[in-house]
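Below is the structure I would like to discuss, written out as structure tokens.
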Amino acid sequence: MRRIREDQRCPCGTGDVYGSCCGPILAGRPAPTAERLMRSRFTAFAVGDEEHLLRTWHPDSRPARVDLDADMDWLSLDVQATESGGPFDREGTVQFVARYRDADGRGALRERSRFVREPSGWLYVDGTTA
């Protein structure tokens, strides 16, 4: 797992530093919104935090394990739209483009992700790629 200092810019693209952005969520604090959870999951992909990905995946759709590609670098995240997913909502969606680099060059993942809020916090359910 790649470490990020608390004072470094967060990989999720908010412009905030990791220690006040995704750091606390990756450490176990519940995300206040579906978008914040999605951003923390992007950061988890970027740093290789498989535990966070599994912990924030809804049990009805969670895989037994996550095998991250060590040769894939997640470069940037662009949140294009959100629908619901606020602190008082039960469900929400986040549409985004995540840019990466792998052995074949640069690419982009476009997804519309679904989230639900459980008593423990927001969880990722599934996504539809474009």
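What's counted below: heavy atoms across the whole structure, side chains too, no hydrogens, waters or symmetry copies.
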Point to revise | Side-chain touch Thr129/Arg110, heavy atoms, less than 4.5 angstrom | key: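 Answer no - side chains too far apart.
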
Exercise for review: Examine Trp122 together with Phe115 and report whether their ring centres are nearer than 6.0 Å.
Suggested key: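 No, too far apart.
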
Check your understanding: Any side-chain heavy atom of Pro11 sitting closer than 4.5 Å to one from Leu75?
Key ->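 They are not in side-chain contact.
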
Review point. So, Arg41 and Thr56: side-chain donor and acceptor under 3.5 Å apart, yes or no?
Key: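 Judged by distance alone, the side chains do pair up.
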
Review point. Counting only heavy atoms not in Glu51, do more than 12 sit closer than 6.0 Å to its CD atom?
Key: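 Counting other residues, nucleotides and ligands, CD of Glu51 stays at 12 neighbours or fewer.
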
**Study point:** CZ-CG distance between Phe45 and Asp69, expressed to the nearest 0.5 angstrom
**Key:**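 Answer rounded to 0.5 Å: 11.5 Å.
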
Check your understanding: Measuring from Ile4:CD1 to Cys10:SG, what's the distance to the nearest 0.5 Å?
Key ->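 Result: 6.0 Å between the selected atoms.
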
Review point. Only one of Arg112, Arg62, Arg114 forms a salt bridge (Lys or Arg N to Asp or Glu O under 4.0 Å) with Asp126, so which one is it?
Key: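 Of the listed residues Arg112, Arg62, Arg114, the salt bridge (Lys or Arg N to Asp or Glu O under 4.0 Å) partner of Asp126 is Arg114.
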
Point to revise | Distance, nearest 0.5 Å, that separates CG of Leu123 from CD of Glu118 | key: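 So the CG of Leu123 and the CD of Glu118 are separated by 5.5 Å.
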
Practice item. Using the rule that two of Ile, Leu, Val, Met, Phe, Trp, Tyr join whenever any of their side-chain heavy atoms come within less than 4.5 Å, decide whether Met72 and Phe42 are in one cluster. Key: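 Per the 4.5 Å side-chain linkage, Met72 and Phe42 are co-clustered.
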
Check your understanding: Between Asp60 and Val125, is any pair of side-chain heavy atoms under 4.5 Å apart?
Key ->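 Heavy-atom side-chain distance check fails, nothing below 4.5 Å.
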
Practice item. Spell out, yes or no, whether Val47 and Leu109 are grouped together once hydrophobic residues are joined by side-chain heavy atoms under 4.5 Å, including indirect joins. Key: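 Shared cluster, no.
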
Review point. Should Cys21 and Cys12 count as side-chain neighbours, where that means a heavy-atom distance under 4.5 Å?
Key: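 Counting from C-beta outward, Cys21 and Cys12 do come under 4.5 Å.
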
**Study point:** Pairwise side-chain contact, Val79 with Glu35, heavy-atom cut-off 4.5 Å (strictly under)
**Key:**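 Side-chain contact under 4.5 Å: yes.
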
**Study point:** Distance-only polar pair, side chains of Glu111 and Ser113, donor-acceptor under 3.5 Å
**Key:**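 Short answer, yes.
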
Point to revise | Sequence neighbours excluded - salt bridge (Lys or Arg N to Asp or Glu O under 4.0 Å) pairs with any residue from residues 6-25 | key: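 As it turns out, the salt bridge (Lys or Arg N to Asp or Glu O under 4.0 Å) pairs with a partner in residues 6-25, which skip direct neighbours, are Arg5-Asp7.
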
Exercise for review: Flag yes if Trp57 and Ile25 sit in one hydrophobic cluster, no otherwise; membership is Ile, Leu, Val, Met, Phe, Trp, Tyr, and two members link when side-chain heavy atoms are under 4.5 Å apart.
Suggested key: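 No, because Trp57 and Ile25 fall into different hydrophobic clusters, even though each may have its own neighbours under 4.5 Å.
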
Exercise for review: Mind checking the CH2-CG spacing from Trp74 to Asp102? Nearest 0.5 Å is all I need.
Suggested key: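 Result: 9.0 Å between the selected atoms.
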
**Study point:** Full working for side chain to side chain contact (heavy atoms under 4.5 Å, CB included) between Arg39 and Thr14
**Key:** CA-CA 9 Å; Arg39 287 182 178 281; Thr14 60; 3.6 Å; yes

Donor-acceptor pairs under 3.5 Å, side chain of residues 84-101 to any protein atom, not counting sequence neighbours: which ones?
unit_1	atom_1	unit_2	atom_2	d
Asp89	OD2	Gly85	N	3.1
Asp89	OD2	Gly86	N	2.7
Arg90	NH1	Arg117	O	2.7

Practice item. Tell me, please, which residues at least two apart from Asp73 pass side chain to side chain donor-acceptor pair (under 3.5 Å). Key: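 Partners of Asp73 by the side chain to side chain donor-acceptor pair (under 3.5 Å) criterion come out as none, since no residue qualifies.
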
Practice item. Check whether any side-chain heavy atom of Tyr18 sits under 4.5 Å from a side-chain heavy atom of Thr43, and report yes or no. Key: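 SC-SC contact between Tyr18 and Thr43 confirmed.
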
Exercise for review: Drop me the distance from Arg3's CZ to Asp49's CG, to the nearest 0.5 angstrom.
Suggested key: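 So the CZ of Arg3 and the CG of Asp49 are separated by 8.0 Å.
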
Exercise for review: List the atom of Leu26, the atom of His52, and the distance in Å for their closest heavy-atom pair.
Suggested key: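 That closest heavy-atom pairing would be CA-ND1, 3.7 Å.
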
Check your understanding: Is there a path from Leu54 to Leu68 through hydrophobic residues (I, L, V, M, F, W, Y) whose side chains come within less than 4.5 Å of each other?
Key ->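 They do share one cluster, since a chain of ILVMFWY contacts under 4.5 Å joins Leu54 to Leu68.
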
